[in-house]
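Since the structure comes first, as structure tokens, the remarks are kept for the end.
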Amino acid sequence: MDPRSLTPALRALRLCLHLLMAGLLVLAAVRADSAAGTVLAGVTGAVYAAGSYLPSVRSSQRAAAVWLAVLGASWVALLCLTPEALWVAFPLYFLQLHLLPVRRSVPVVVLTAVAAILSYVGHGAPLNPGVFIGPLLGAAVAVATVLGYQALYRESERRRRLIEELIATRAELAAAERHAGTLAERERLAREIHDTLAQGLSSIQLLLRAAERALPPGSPAAGHIDGARRAAQDNLAEARRFVRALTPPDLEHGSLAAALERLCEPGAGAGAAHEPLAGAGTHEPQAGAGARPRVRFSVSGTPVELPTPYEVALLRIAQSALANTVRHAAAARAEITLSFMDASVTLDVVDDGAGFDPGAVRPSSDGGFGLPAMRSRAESLGGTFTVESAPGQGTAVAVSLPLPAGA
């Protein structure tokens with residue numbers, strides 16, 4: 001482990017391990033009956049110190065295994081000279097468990113405990129239960145401590161990652177809510193301008209035209225009426241420019257059909273902006289796209305220019321229906337069809353998913369754009385909205401809007 005990444009508590013534990021190893025080696029050197037024992041204790045301490053400062057030991061399991069093998073060999077040689085060296089087994093347990101993977105460290109710890117017991121017996125010490133229990137109990141405590149700490153560390157890291165993901169998700173949701181609120185306000189303003197100011201100015205213009213035709217030739221009021229009509233016409237054009245500027249971004253770069261085509265592309269969302277594709281096409285889902293089905297879009301009939309509220313309503317209904325298909329239907333295929341008829345325009349969204357009972361649906365508690373919101377959009381423009389579905393038989397959503405006069 002990199003010393004720079006250690007917390008104060010871990011630095012204190014690391015220092016205690018160093019002091020424990022140094023104290024036990026000094027004890028072994030003092031209690032050794034020969035100069036060779038003192039030299040071996042010093043060599044063992046030098047090997048330990050070298051490994052503590054070598055970066056490769058902290059970064060490579062192979063280097064750590066080599067260092068532990070050299071340290072263990074010098075310790076075994078020291079065991080042969082003095083039984084006091086067996087106490088060094090306790091800090092060795094922690095080193096082995098920390099630097100080696102579990103499948104290797106536990107057997108190595110057991111071998112270390114066995115070597116400590118054999119050295120004690122080999123030096124002629126009297127046999128008693130403590131000779132066997134002490135090293136084995138120390139090994140068990142070391143294994144339980146290190147593995148328990150590692151489990152707590154993994155759990156702490158998992159919770160830290162979950163908290164980071166939660167914070168990131170909360171920020172994304174806040175941004176999405178702000179964006180959705182902005183789009184909703186733009187749509188509301190566009191509808192209000194279209195349904196009030198634009199319609200009023202259009203009516204004023206028609207009334208002024210009728211008044212102009214009803215005036216006798218050479219009437220002095222004709223010029224004033226013509227000026228008023230032109231002013232109404234200019235302001236009507238300006239109001240329509242406002243409506244176009246407030247339309248959803250999906251409709252800013254092309255027709256309704258192009259926006260629906262982009263909506264069907266793999267990975268596309270409510271605001272997908274791609275080059276429009278001509279005609280109908282089938283789009284395969286991208287790898288890892290999850291539950292998103294393969295979506296096909298087609299156009300039927302001769303397309304005509306629709307008022308902005310019509311385009312906004314049809315696009316939002318298609319987005320909401322497709323979102324329901326992705327989230328709830330577990331469908332493999334879906335199809336969006338835009339049909340232009342003599343007196344109406346219809347939109348159909350059909351999937352082969354799990355289906356549901358339309359009679360059991362209740363309005364969502366969060367006010368989301370579910371079936372009631374789609375129905376409200378259609379009926380606000382004088383249209384109809386129907387849902388056909390049954391458990392296990394897929395779902396078909398259809399909306400029909402009457403074409404305005406002159407469309």
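Source: prediction; values computed, not measured. Sequential numbering from 1 along the given sequence is applied to the chain's residues.
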Worked check of side-chain contact (heavy atoms from CB on, under 4.5 Å) between His98 and Leu17: CA-CA 12 Å; His98 178 68; Leu17 182 63; over 6 Å; no

Looking at CG of Leu86 and CG of Leu24, how far apart are the two atoms once the value is rounded to the nearest 0.5 Å? 9.5 Å

Taking the side chain as everything from C-beta on, heavy atoms only, tell me whether Val106 gets closer than 4.5 Å to Leu100. no

Write down the atom of Ala318, the atom of Val349, and the distance for their closest heavy-atom approach. CA-CG2, 4.4 Å

Checking Ser339 side chain against Ser300 main chain: does a donor-acceptor pair fall under 3.5 Å? no

Once you round to the nearest 0.5 Å, how far does CZ of Arg262 lie from CZ of Phe297? 10.5 Å

Taking every heavy atom of Asp351 against every heavy atom of Gly353, the minimum-distance pair comes out as OD1-N, 2.8 Å

State, without any angle test, whether Gln319 and Arg316 hold a side-chain donor-acceptor pair at a distance under 3.5 Å. yes

What distance do Leu162 atom CG and Ile167 atom CD1 have between them, rounded to the nearest 0.5 Å? 11.0 Å

Just wondering, are more than 12 heavy atoms of other shown residues or ligands nearer than 6.0 Å to CZ in Arg160? yes

Pairs meeting criterion side-chain hydrogen bond (donor to acceptor under 3.5 Å, both in side chains) with involvement of residues 104-117, two or more places apart: Gln96-Thr112

With a 3.5 Å distance limit and no angle check, can you tell me whether Asp357 reaches the backbone of Pro391 through a side-chain donor-acceptor pair? no

Minimal heavy-atom distance between Arg375 and Phe385, with the atoms involved, is NH1-O, 3.1 Å

Mind jotting down which residue pairs meet the salt bridge (Lys or Arg N to Asp or Glu O under 4.0 Å) criterion with at least one end in residues 132-141? Sequence neighbours excluded, please. none

Quick one: are Leu314 and Leu306 in side-chain contact, heavy atoms under 4.5 Å? yes

Looking at every heavy atom in both Leu403 and Met341, which two are closest together, and how far apart are they? CD1-O, 3.4 Å

Evaluate Glu165 against Arg161 for salt bridge (charged side-chain N to carboxylate O under 4.0 Å, His left out), listing each step before the verdict. CA-CA 6 Å; Glu165 292 175 2; Arg161 288 193 297 269; 5.9 Å; no

Do Leu260 and Leu347 make a side-chain contact, defined as non-hydrogen atoms from C-beta onward lying under 4.5 Å apart? yes

Can you tell me how far CG of Leu20 sits from CG of Leu25, rounded to the nearest 0.5 angstrom? 9.5 Å

Nearest heavy-atom neighbours spanning Ala332 and Asp352: N-OD1, 3.1 Å

Report, one line per pair, each donor and acceptor closer than 3.5 Å where one atom sits in a side chain of residues 207-219; sequence neighbours left out.
| residue | atom | partner | partner atom | Å |
| --- | --- | --- | --- | --- |
| Glu212 | OE1 | Arg229 | NE | 3.4 |
| Ser219 | OG | Ala221 | N | 3.3 |

Between Leu136 and Ile117, is a side-chain contact (heavy atoms from CB on, under 4.5 Å) present by the stated rule, with each step listed? CA-CA 9 Å; Leu136 293 177; Ile117 294 171; 4.0 Å; yes

Of all residues at least two apart in sequence or in a different chain, which pass the ring pair (Phe, Tyr, Trp, His ring centres under 6.0 Å) check with Phe340? none

Does Val102 reach the side chain of Gln150, with side-chain heavy atoms less than 4.5 Å apart? yes

Determine, step by step, whether Met374 and Val387 satisfy the side-chain contact (heavy atoms from CB on, under 4.5 Å) criterion, reporting the C-alpha distance in whole Å, the side-chain angles of both residues, the deciding distance to 0.1 Å, and the verdict. CA-CA 11 Å; Met374 289 188 272; Val387 179; over 6 Å; no

Donor-acceptor check, side chain of Asn235 to backbone of Ala231, threshold 3.5 angstrom: yes or no? yes

If you compare all heavy atoms of Gly382 against all heavy atoms of Pro402, which two are closest, and at what distance to 0.1 Å? O-CD, 3.5 Å

Review item, side-chain donor-acceptor pairs of residues 65-79, under 3.5 Å, at least two apart:
| residue | atom | partner | partner atom | Å |
| --- | --- | --- | --- | --- |
| Trp67 | NE1 | Val47 | O | 2.7 |
| Ser74 | OG | Thr44 | OG1 | 3.4 |
| Ser74 | OG | Val70 | O | 3.4 |
| Ser74 | OG | Leu71 | O | 2.8 |
| Trp75 | NE1 | Ala85 | O | 2.7 |

Side-chain donor or acceptor of Arg377 paired with backbone N/O of Ala313 under 3.5 Å: no

Could you label the plane-to-plane angle of the Tyr93 and Phe90 rings as parallel, tilted or perpendicular, counting under 30° as parallel and over 60° as perpendicular? perpendicular

Return the set of residues passing side-chain hydrogen bond (donor to acceptor under 3.5 Å, both in side chains) with Glu155 (not counting sequence neighbours), or none when no residue passes. Arg158, Arg159

Just so I know, are the side chains of Leu97 and Thr145 near enough to count as touching, which here means a heavy-atom distance under 4.5 Å? no

Could you give the distance from CG (Leu401) to CD (Glu379), rounded to the nearest 0.5 Å? 11.0 Å

Is there a side-chain contact between Glu261 and Ile336, using heavy atoms and a 4.5 Å cut-off? no

Just by distance, do the side chain of Ser389 and the backbone of Gly394 share a donor-acceptor pair under 3.5 Å? yes

